[in-house]
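Whatever order the structure lists ligands and atoms in, that order sets their numbers, starting from 1. Remember, predicted model here, so these are calculated numbers, not experimental data.
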Amino acid sequence: MIIGMAKGASREAVDNVVKRAESLGLGVQLNLGTDRTVVAILGSTTGQISTDVFAVLPEVESVTRIMKPYKLAAREFKGRDSLVSVDGVEVGGKRIVVMAGPCAVESEEQLMEAARAVKASGASILRGGAFKPRTSPFSFHGLEEKGLELLVRAREAFGMPVVTEVVDPQAVDMVARSASILQVGSRNMQNFALLTNVGKSKRPVVLKRGFSCTITEWLTAADYLLAEGNEQVILCERGIRTFEDSTRFSLDISAIPVIKKASHLPIIVDPSHAAGHYSLVPAIARAAVAAGADGLLIEVHPNPKEALVDGLQSLTPSDFARLMDQLRAVAESVGRYI
Ligand code: PEP
Ligand code: MN
């Protein structure tokens, strides 16, 4: 249930709502806006409680029953779009934020070269996996701590925030010491212990959509982060499993306007994992920007033929530079910029 307090409602009136909820064994989360407070009533029994219980209280203006399982990620909970700020780079505003770099950190030379190239073309955040969740236990799983060290070096050398994946709930604090943004991968979207710890870290987070998960499940997973008081959540559509096998996954382009309608959180798109092939990445990336994405997460490798992971879907630095020029034109046509 979402309770909208009247404009300028007193603290006492808000406290009354909180006390009433607590007396019913329900949790609350407050959104203290500048002129209006919104209270989310949390708990599995809210469905059995009449809205009148709250509507009758002083200075309560509206009580909306949210039939959807997510509450904190719902647009109704916050009257405006969320902006996520990462070391001075804002995600969710007019600027489209491009995060780019290799799938996996492989060596200092590879990472530095990738960072130099993506920065020169206008990317503002460097991506690179130090811990790689792989489908097979026999595949390369990343350089781990050494990879994190290299990411810190690249961040310092190029003045770019870095985004990197965390896979283990117990390793969140360790990864958060090096990462500007924590990435929760598609395979871990419903790893609730991981989400809770990433929420507690209060570090900006890219929450990738599980490739077999609905948008509702995705937003409900985002609630785990928000419930810990971490408001720095960026959603990332990266393609879902369908019957179509000519691409690695099917990018759900409609997820962009659906999320914009349902949620206040920013959404970025990863065209690389959706496409699975470098030749398809530019068209998907342009479409994402045209459809209203707040940013992109793109794999770029200095030498894709030699890449240890995902070389087929990685752009070369020159392909990336060309794509960035195209994206600037698309962004301008939809009233944004890169
Ligand atoms: C990645 O971005 O490196 C990655 C593994 O992506 P996903 O979780 O979307 O498969
Ligand atoms: Mn990859």
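In this structure, a donor-acceptor pair under 3.5 Å is present between the side chains of E299 and H273.
Considering only non-hydrogen protein atoms, atom 4 (C) of ligand 1 sits nearest to H273 NE2, 3.5 Å. Closest protein heavy atom to atom 8 (O) of ligand 1: S186 N, 2.8 Å.
Closest of all the heavy-atom pairs between I338 and M324 is CG2-CE, 3.8 Å.
Residues L72 and M5 are members of separate hydrophobic clusters, defined by side-chain heavy-atom contacts under 4.5 angstrom among Ile, Leu, Val, Met, Phe, Trp and Tyr.
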Q: Carefully, step by step, assess K19 and S23 under the rule side-chain hydrogen bond (donor to acceptor under 3.5 Å, both in side chains).
A: CA-CA 6 Å; K19 277 192 217 126; S23 75; over 6 Å; no
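Comparing heavy-atom distances from atom 2 (O) of ligand 1 across R209, M99, R127, E237 singles out R127 as nearest. Counting heavy atoms only, K132 comes closest to atom 3 (O) of ligand 1 of the residues K208, R238, K132, E165.
Nearest N, O or S atom of D310 to the Mn ion (ligand 2): atom OD2. Among the heteroatoms counted here (N, O or S) of E299, OE2 is the one nearest to the Mn ion (ligand 2).
Taking a cut-off of under 4.0 Å to the non-hydrogen atoms of R187, the atoms of ligand 1 that pass are 7 (P), 8 (O), 10 (O). Heavy-atom contacts of G185 reach the following atoms of ligand 1: 8 (O) (cutoff under 4.0 Å).
Taking the side chain as every heavy atom from C-beta outward, R127 and V118 never approach each other to under 4.5 Å. For the pair V91 and I268, the minimum side-chain heavy-atom distance is below 4.5 Å.
Using a 4.0 Å cut-off between charged side-chain N and carboxylate O, D310 and R248 make a salt bridge.
The shortest N or O to N or O distance between D270 and ligand 1 is not under 3.5 Å.
C103 contributes SG and H273 contributes NE2; the angle these two atoms make at the Mn ion (ligand 2) is 160°, rounded to 10°.
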